Asks: 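Quick one: the structure is below, questions incoming.
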Amino acid sequence: MSKNITQKIIERHLVSGRMIPGEEISIRIDQTLTQDSTGTMAYLQLEAMNIDRVKTKLSVAYIDHNTLQQGFENADDHKYIQTVASRYGIYFSRPGNGICHQVHLERFGRPGWTLLGSDSHTPTAGGIGMLAIGAGGLDVAVAMAGGPYYLTMPKVCRIWLEGKLQPWVSAKDVILKILSILSVKGGVGKVIEYAGPGLASLTVPERATITNMGAELGATTSIFPSDENTRAFLRAQGREDMWIPLEADPDASYEEELLLDLSEIEPMVAKPHSPDNVESVRETKNVRVDQVAIGSCTNSSYLDLIKAARILKGKTVHPDVSLVIAPGSKQVYTMLSRNGAMADLIDAGARILESACGPCIGMGQAPASDAVSLRTFNRNFYGRSGTASAQVYLVSPEIAAVSALTGRLTDPREYGEPPRVEMPEFFTVNDNGIIPPANNPESVEVVRGPNIKPFPVNSELTDMVEGKVLLKMNDNITTDHIMPSNAKLLPFRSNIPHLANYCLTPVDETFPQRAGESGGGFLVAGHNYGQGSSREHAALVPLYLGIKGVIAKSFARIHRSNLINSGIMPLTFLNEEDYSKIDPEDILIIENAIGQIKAGNRIVVRNQTKGSDIITEMDLSQRLKEVILAGGLLNYTGKREKV
Ligand code: MIC
Ligand code: SF4
C-alpha cells in the first residue's frame, strides 16, 4: 500500500495501536532532547524512574533558555543538568553552544528517525526529514527510560509547494502565509507534510524555519522529504553518512491538501498578539519601530544572519531603533566571526548576544513601555517579551534588517537589490561545546542546588469532585498566560511553590491568592486552551494550586497531555453553548467521577449554583483513563510496577 512520509516513519517505529487517524498509537523514540527550562523537571522525573542509563540511541540535554544567571538559580540548574546527564548517558550541550533546535539540526538530526523533545519547537528537525515531536518533560523522561511515546495517530495534511520565492521573500513569509490560512488551531491533530516541485529551491535551514513554526499551527509536527538538498546539508555538516532518501509514494493519500504557489507569496508580518494575525507588509502601513530582534530557533541560522549582515554592512541602525542579534549556535557565531560578517553587524550598531533563546523567552531585552518590537521569532503572545504594553510583530530576517535601518516596518522590496547568499559548501564543525556522558556513571555525583524543589504529585481521583470556578477565560489562552516566563520567573522552573504565585496572573492578578484560599477548583476556557509552550509547569502549578479539572471548548495537544500526566481532567463541552451556562464562582460537582470515567466518555458536571447539569466529554484511551484515575502518569507507572 502506498504511504506518505509520516506513515512510513510511524510504521517503522510502531509499538502499539493501528495507524488510523484518531486512534491511540505508541512509537519507539530514537532520540530525545531537553532544554534547561523544562529539563530540570524531566531529569527529576527520570531519576524517580530508577533506571541506570538512558535507553535511546541518543539523548541530548541543552542549556539555552536560562542563561542570564542574575542569581545562583540558573547556574545551579545547569550544574544539576550537566551532572545528571553525565550520570545517565546523555550528551550535554553547554551554555553558549546554541539553541537546542538549531544545534540539533546541525549536529544530530537524522532523516527517518524519531525525536521527542521537551520543547514545543522540536518539530524544527522535520526540516531534515525527522519525525520530531514536542512533549512535556515527563513524556520525554519516559522515552529516555525506554518507554514508547503515546500519541493520537494524526491526520496527514499535504502542502504542495509550487513555484519559487520572489526576491526578498523567504521561508518565514511562507509559514506566516500558511498561518494566515490555517490559523493557530489549524494544525491540531495533524502532521503537515511538504511536497511538490517548490521543494527544490528550499534549503534545509529554510525548511526548518517552516517546520519550526508548524508548532504555531498547533500541529503534532511538520516534515519535509529527505532529498538531495538534505544530503547537501548533511554533507556540509560532515554527516553525509546519515543521509537516506525519504519521500512519499507517488499515490500516497492524505486527509487534507493545500496548494501554495511560492511565487505568489509577499513579505508577511504577524501583528500583535498572535502568530496567525497575519497580513502582508505592504498592507501594514506606518508602523514606527523601537526595537528589532534577530534570532530564536526560527530564524538564527547562518543563512539568516549572513543575509542580515549583508543588508547592514556599511550602514547604521536608525537612531530610534535598538537592534539586537542572537546567533542560533556556536557554529553560526564562529562562521560569522571568521568571515567578517560579525564585524559588519557590530559596525552597523547591532547589539550582539550569546547564542541562546534570550529575548524570545523574555530573558533580557524587554522593550520599552508601548514600544514596537519587530522580531524574527515565532511567538508574539501577550506579555511574552517581558513588557505587557509592548507590541510585538513577527517578521523575516530580511524585513527585520531593512526595518532596523529605516526605523519603520518596511517592505524590503522598496529597498533595492536583495543580498546574494548561498548555502556554504562546508559549515565549520567543532563539537567541543558538546560534552559526552561519563564512561563510569557510578562515579558521577549529581549536584543539586537549593533551588531544586520536589515537584507536586497528585493523589488518586476521588469519586466526588467538587470545586469553585476560579476563572472563566476566552479562546486561545496560551501557556504564557497560564505560567508566564520571563527573566524573573524562568530561574524558578525547578521551584513550583514559587511559580505558583504567578499562575494565570496575566489573565487575573488575584488568581493565585483566590485559588489558594479556595483550596483549588475548576478552570473554564474557550477554544485552544494551553496553546504554545510544552512547559509542564502550566499543569504542575495549577495542580499545586488544587485545580481538579479544566472545562474548555478545545485544548492544545501538548498542554492536554500535560494535564492528563498531572492527573487534571481535561473536559470539553459537548455543547459549546454550555460555556455561557457557567460563571466565575459557580460551584461545580462531579458525582461518581470514577464510575463515570470508567463507563464512557461523557462526564456530567453539575452546576450547583445554577441548578443545571452540563455534559462534558473526556475522550480518552483506556490507558489514559487509568492515568487520570491514578492521579497522573507517575502514580500510574508506579502502580503498574507494583503489580
Ligand atoms: C517557548 O518557546 O515557549 C519555550 C520556552 O521554548 C517553551 C518551553 C518552556 O516553556 O520552557 C516551549 O516552546 O516548549
Ligand atoms: Fe527558545 Fe524561543 Fe525557540 Fe522557545 S521559541 S526554544 S524560547 S528560541
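What you see is a predicted model; the values in this text were computed from it and never measured.
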Asks: Is it true that atom NZ of K57 has more than 12 heavy atoms of other residues, nucleotides or ligands lying nearer than 6.0 Å?
Replies: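 Atom NZ in K57 is crowded, with more than 12 foreign heavy atoms closer than 6.0 Å.
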Asks: Does Y91, at its OH atom, have more than 12 non-hydrogen atoms belonging to other residues, nucleotides or ligands within less than 6.0 Å?
Replies: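 At most 12 heavy atoms, drawn from other residues, nucleotides or ligands, come within 6.0 Å of this atom.
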Asks: Does the side chain of N601 come within less than 4.5 Å of M618's, by heavy atoms?
Replies: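 Of all side-chain heavy-atom pairs linking N601 with M618, none is under 4.5 Å.
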Asks: Any carboxylate oxygen within less than 4.0 angstrom of a Lys/Arg side-chain nitrogen, looking at E255 and K190?
Replies: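 Looking at E255 and K190, the cut-off is not met.
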Asks: Could you verify whether a donor N or O on one side chain and an acceptor N or O on the other, from S26 and Y149, lie under 3.5 Å apart?
Replies: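 No, no side-chain donor-acceptor pair sits under 3.5 Å.
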Asks: Are F455 and V457 packed together at the side-chain level, in the sense that at least one heavy-atom pair is separated by less than 4.5 angstrom?
Replies: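 In short, these two side chains touch, coming nearer than 4.5 Å.
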Asks: Does one side chain, of S494 or D77, offer a donor that lies under 3.5 Å from an acceptor on the other?
Replies: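 Yes.
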Asks: Around atom NZ of K610, are there more than 12 heavy atoms of other residues, nucleotides or ligands at under 6.0 Å?
Replies: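 More than 12 heavy atoms, drawn from other residues, nucleotides or ligands, come within 6.0 Å of this atom.
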Asks: Tell me whether the count of non-hydrogen atoms from other residues, nucleotides or ligands lying under 6.0 Å of CD in E509 goes above 12.
Replies: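 At most 12 heavy atoms, drawn from other residues, nucleotides or ligands, come within 6.0 Å of this atom.
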Asks: Looking at K55, I'd like to know if its NZ atom is crowded, meaning that more than 12 non-hydrogen atoms belonging to other residues, nucleotides or ligands lie closer than 6.0 Å.
Replies: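 Counting neighbours around NZ of K55, more than 12 heavy atoms of other residues, nucleotides or ligands fall under 6.0 Å, so yes.
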Asks: Would you mind telling me which of S533, S120, S274 makes a side chain to side chain donor-acceptor pair (under 3.5 Å) with R379?
Replies: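 That would be S120.
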Asks: Going by salt bridge (charged side-chain N to carboxylate O under 4.0 Å, His left out), name the pairs with one or both residues in residues 552-572, residues two or more places apart or in two chains.
Replies: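 Qualifying pairs: none.
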Asks: With a 3.5 Å cut-off and no angle check, do the side chains of E536 and H559 form a donor-acceptor pair?
Replies: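 Their side chains do not contain a donor-acceptor pair, so the 3.5 Å distance test is not met.
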Asks: If you round to the nearest 0.5 Å, how far is OG1 of T67 from CZ of R94?
Replies: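 Rounded to the nearest 0.5 Å, the CZ-OG1 separation comes to 14.5 Å.
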Asks: Go through the steps to decide whether S554 and Y529 satisfy the test side-chain hydrogen bond (donor to acceptor under 3.5 Å, both in side chains), and finish with yes or no.
Replies: CA-CA 6 Å; S554 64; Y529 179 71; over 6 Å; no
Asks: Does the D463 side chain pair with the main chain of I594, one donor and one acceptor, at a distance under 3.5 Å?
Replies: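 Such a contact is found between D463 side chain and I594 backbone.
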Asks: Do the numbers put K453 on top of the ring of F492, so that NZ or CZ is under 6.0 Å from the six-membered ring centre and no more than 45° off the axis?
Replies: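 No, K453 and F492 do not form such a contact.
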Asks: Is any side-chain heavy atom of V627 less than 4.5 Å from a side-chain heavy atom of T637?
Replies: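 V627 does not reach T637 side chain to side chain.
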Asks: Please work out whether the ring planes of Y62 and H104 are parallel, tilted or perpendicular, with thresholds of 30° and 60°.
Replies: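 Rings of Y62 and H104: perpendicular, over 60°.
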Asks: Before you tell me yes or no, could you show the steps for R602 and E617 under salt bridge (Lys or Arg N to Asp or Glu O under 4.0 Å), namely the whole-Å CA-CA distance, both residues' side-chain angles and the distance that decides it to 0.1 Å?
Replies: CA-CA 5 Å; R602 299 268 155 94; E617 275 204 310; 3.7 Å; yes
Asks: Determine, step by step, whether I10 and I27 satisfy the side-chain contact (heavy atoms from CB on, under 4.5 Å) criterion, reporting the C-alpha distance in whole Å, the side-chain angles of both residues, the deciding distance to 0.1 Å, and the verdict.
Replies: CA-CA 7 Å; I10 291 184; I27 55 171; 4.0 Å; yes
Asks: Taking the side chain as every heavy atom from C-beta outward, state whether L14 and M19 have any pair of such atoms under 4.5 Å apart.
Replies: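 Yes, side chains in contact.
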Asks: Using a 4.5 Å cut-off on heavy atoms from C-beta on, say whether the side chain of M49 contacts that of L138.
Replies: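 Yes; the side chains approach each other to less than 4.5 Å.
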Asks: We want to know whether T298 and N212 form a side-chain donor-acceptor pair, criterion being a heavy-atom distance below 3.5 angstrom.
Replies: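 Checked: T298/N212 side chains pair up, N/O donor to acceptor below 3.5 Å.
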Asks: For a quick check under 3.5 Å, do D139 and N565 share a side-chain donor-acceptor pair by atom type?
Replies: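 D139 vs N565: donor-acceptor pair found between side chains.
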Asks: Side chains of T478 and H481: donor-acceptor distance under 3.5 Å anywhere?
Replies: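 A pair is found: one side chain offers a donor N or O, the other an acceptor, under 3.5 Å apart.
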Asks: Would you say H537's side chain and R493's backbone share a donor-acceptor pair under 3.5 angstrom?
Replies: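 Flag set: sc H537 to bb R493 pair under 3.5 Å.
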Asks: Okay, side chain of Q31, backbone of A132: is any donor-acceptor separation there less than 3.5 Å?
Replies: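 A pair under 3.5 Å: no.
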Asks: With a 4.5 Å heavy-atom cut-off, do P275 and M213 have their side chains touching?
Replies: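 Counting from C-beta outward, P275 and M213 do come under 4.5 Å.
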Asks: Just by distance, with hydrogens left out, do E576 and H527 show a side-chain donor and acceptor under 3.5 Å apart?
Replies: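 Distance-only check passes for E576 and H527.
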Asks: Using the side-chain contact (heavy atoms from CB on, under 4.5 Å) rule, take L33 and S59 through it: C-alpha gap first, then chi angles, then the decisive distance, then the call.
Replies: CA-CA 6 Å; L33 71 77; S59 287; over 6 Å; no
Asks: Is R28 paired with D30 through a side-chain N to carboxylate O contact shorter than 4.0 Å?
Replies: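 Here D30 pairs with R28 in a salt bridge, since their nearest N and O are under 4.0 Å apart.
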Asks: With side chains defined as the heavy atoms from C-beta onward, is the minimum distance between I603 and I615 less than 4.5 Å?
Replies: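 I603 vs I615: side chains apart.
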Asks: If you round to the nearest 0.5 Å, how far is OG of S296 from NE2 of H121?
Replies: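 Answer rounded to 0.5 Å: 8.0 Å.
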Asks: To the nearest 0.5 Å, how far apart are CH2 in W113 and CD1 in I29?
Replies: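 Separation between the atoms: 12.5 Å.
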Asks: Under the 3.5 angstrom rule, does the side chain of R448 hit a backbone N or O of Y80 as a donor-acceptor pair?
Replies: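 Not confirmed, R448 side chain does not pair with Y80 backbone.
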Asks: Under a 3.5 Å threshold, yes or no: a donor from one side chain and an acceptor from the other, between T83 and S86?
Replies: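 No, no side-chain donor-acceptor contact under 3.5 Å.
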Asks: Got a second to check how far N476's CG is from K185's NZ, nearest 0.5 Å?
Replies: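 So the CG of N476 and the NZ of K185 are separated by 5.0 Å.
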Asks: Distance alone, cut at 3.5 Å: any donor-acceptor contact between the side chains of N451 and D76?
Replies: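 No pair is found: no donor N or O on one side chain lies under 3.5 Å from an acceptor on the other.
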Asks: Scan R623, R18, K625 and name whichever one has a salt bridge (charged side-chain N to carboxylate O under 4.0 Å, His left out) with E24.
Replies: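 When R623, R18, K625 are each tested with E24, the salt bridge (charged side-chain N to carboxylate O under 4.0 Å, His left out) holds only for R623.
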Asks: Enter the distance from I551:CD1 to M569:CE here, rounded to the nearest 0.5 Å.
Replies: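 Separation between the atoms: 8.5 Å.
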Asks: Checking N607 side chain against L588 main chain: does a donor-acceptor pair fall under 3.5 Å?
Replies: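 It does not hold such a pair.
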Asks: Please tell me whether S118 and T38 have a donor and an acceptor in their side chains that are separated by less than 3.5 angstrom.
Replies: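 Yes, because at least one side-chain N or O of S118 sits under 3.5 Å from a partner of the opposite role on T38.
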Asks: Does the pair D52 and R87 meet the rule for a salt bridge (Lys or Arg N to Asp or Glu O under 4.0 Å), with working shown?
Replies: CA-CA 8 Å; D52 204 43; R87 164 69 190 77; 3.1 Å; yes
Asks: Flag the pair I223 / I192 as yes when at least one side-chain heavy-atom distance between them is below 4.5 Å, and no otherwise.
Replies: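 I223 vs I192: side chains apart.
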Asks: Under a 4.0 Å threshold between the charged nitrogen and the carboxylate oxygen, would K472 count as salt-bridged to D586?
Replies: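 Looking at K472 together with D586, the answer is no, because their closest N to O distance does not fall below 4.0 Å.
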Asks: How long is the straight-line distance from OG1 of T40 back to CG of N74, given to the nearest 0.5 Å?
Replies: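 N74 CG to T40 OG1: 10.5 Å, rounded to 0.5 Å.
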Asks: Would you please test V60 and T32 for side-chain contact (heavy atoms from CB on, under 4.5 Å) and show each step?
Replies: CA-CA 6 Å; V60 191; T32 63; over 6 Å; no
Asks: For salt bridge (Lys or Arg N to Asp or Glu O under 4.0 Å), just list the numbers for D508 and R514, CA-CA rounded to whole Å, side-chain angles, deciding distance to a tenth of an Å, and then say yes or no.
Replies: CA-CA 10 Å; D508 178 348; R514 289 190 297 105; 2.9 Å; yes
